[in-house]
Amino acid sequence: LATWTRLLPRRAREAQMKRFCRAQAIQRRLEEIEVTFGELEQQGIKLEKLLREESGGDRAGPGGTGGAGRPMAAHAAPAASPAELRTQWMNQLLYLVQKKNSLVCEESDLMITVQELKLEEQQSRLDQQLRRFMSKEEAQKTPAERAAEQETLARLLAVVDQRNALIHVQEERRLSEL
């Protein structure tokens, strides 16, 4: 019994440390995603500006201001026509939108994982409390201790239900992406 009582708290601490490390990794990734969002936004703004200026140049006639496209032209074919540049910029803009959508999905998944980690932590704490209550003989428990044990059990079951709901949401999202 003595080994068992030492082993459970140690395993709980190890699990807590793993959750903490996962939470830190998730936080770092969320920060990276935020930075990438900003970079994608800036690239998108530049592309939209080039597209607007190029369209404005077409409306001005043959002597228009089509010069806005020159900075991006270095990435295009040597003698790209305005229509080819527009197509290239539109494709780049669509790629940026796809990349942003992908990051939004990843961010959403990470937020769900954060919720799951919080619920795992709550479940672990409640499980430890319940084990302490259950380690005492039923005949030695006061009515207040019995009520606290029942309350802890009810809270534990609620946390388990919340975790199941999160898992269900994740599964639904994965199925909808297929």
Side-chain angles (χ1 to χ4, degrees), residues 11-61 64-128 155-178:
R11 288 224 172 123
R13 282 191 305 272
E14 289 170 359
Q16 183 180 27
M17 187 56 83
K18 284 182 185 178
R19 284 191 299 272
F20 179 73
C21 290
R22 281 181 63 200
Q24 283 184 320
I26 289 169
Q27 184 60 39
R28 280 191 300 273
R29 181 61 187 142
L30 287 170
E31 289 169 2
E32 291 170 3
I33 288 173
E34 201 61 38
V35 168
T36 305
F37 276 154
E39 292 169 354
L40 292 175
E41 183 73 23
Q42 290 304 311
Q43 291 173 7
I45 288 170
K46 287 178 186 176
L47 286 169
E48 286 178 15
K49 183 179 178 187
L50 289 171
L51 285 166
R52 279 193 208 105
E53 289 175 359
E54 187 65 34
S55 294
D58 287 349
R59 283 194 299 268
T65 62
R70 301 303 180 250
M72 291 292 282
H75 300 294
S81 71
E84 290 170 333
L85 283 175
R86 246 190 323 277
T87 300
Q88 181 182 5
W89 293 334
M90 286 299 293
N91 287 338
Q92 289 174 354
L93 198 55
L94 289 174
Y95 170 77
L96 293 178
V97 169
Q98 289 172 340
K99 181 78 172 164
K100 184 177 178 185
N101 288 342
S102 170
L103 288 173
V104 167
C105 287
E106 182 181 356
E107 183 181 45
S108 178
D109 286 342
L110 289 172
M111 295 307 288
I112 289 173
T113 303
V114 166
Q115 278 300 111
E116 195 173 337
L117 287 172
K118 287 178 182 178
L119 290 172
E120 281 180 29
E121 181 67 29
Q122 286 180 11
Q123 183 175 347
S124 175
R125 273 189 291 105
L126 291 169
D127 190 47
Q128 288 175 18
R155 288 174 39 208
L156 179 62
L157 292 175
V159 168
V160 169
D161 287 343
Q162 290 173 356
R163 286 187 67 196
N164 285 340
L166 274 180
I167 291 168
H168 181 73
V169 166
Q170 284 177 316
E171 195 61 32
E172 289 289 320
R173 289 189 63 216
R174 284 190 186 105
L175 291 174
S176 70
E177 290 173 2
L178 296 177

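Here the structure is a predicted model, which means the values were calculated and not measured.
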On a heavy-atom basis, which atom in [X] and which in [Y] lie closest, and how many Å separate them?
| X | Y | result |
| --- | --- | --- |
| Glu54 | Pro82 | OE2-CB, 3.2 Å |
| Asp127 | Leu156 | N-CD1, 4.3 Å |
| Leu117 | Arg22 | CD2-NH1, 3.6 Å |
| Cys105 | Arg173 | O-NH2, 3.7 Å |
| Phe37 | Glu107 | CE1-OE1, 3.6 Å |
| Val159 | Leu126 | CG2-CD1, 3.9 Å |

To the nearest 0.5 Å, what is the distance between [atom1] ([X]) and [atom2] ([Y])?
| X | Y | atom1 | atom2 | value |
| --- | --- | --- | --- | --- |
| Gln88 | Leu51 | CD | CG | 10.5 Å |
| Glu172 | Leu175 | CD | CG | 6.0 Å |
| Leu93 | Lys46 | CG | NZ | 13.5 Å |
| Gln123 | Leu157 | CD | CG | 9.5 Å |
| Gln128 | Arg11 | CD | CZ | 13.5 Å |
| Arg163 | Asp161 | CZ | CG | 11.5 Å |

Fill in the blank from the handout: Test side chain to side chain contact (heavy atoms under 4.5 Å, CB included), reference Arg19, set Gln24, Glu14, Glu116, Glu120, output is Glu120
Handout entry: Residue from Val104, Leu110, Asp109 passing side chain to side chain contact (heavy atoms under 4.5 Å, CB included) with Glu106
Key = Leu110
Would you say the side chain of [Y] lies within less than 4.5 Å of the side chain of [X], judging by non-hydrogen atoms?
| X | Y | answer |
| --- | --- | --- |
| Glu53 | Lys49 | yes |
| Glu39 | Val35 | yes |
| Gln122 | Leu119 | yes |
| Leu30 | Met111 | yes |

Practice task
Report yes or no: does Thr36 contribute a side-chain atom to a donor-acceptor pair with the main-chain N or O of Glu32 at less than 3.5 Å?
Solution key: yes
Problem - N/O donor-acceptor pair under 3.5 Å between Ser124 side chain and Glu121 backbone - result: no
Practice task
Start with the C-alpha distance between Val114 and Lys118, add both sets of side-chain angles, then the distance that settles side-chain contact (heavy atoms from CB on, under 4.5 Å), and finish with yes or no.
Solution key: CA-CA 6 Å; Val114 166; Lys118 287 178 182 178; 4.0 Å; yes
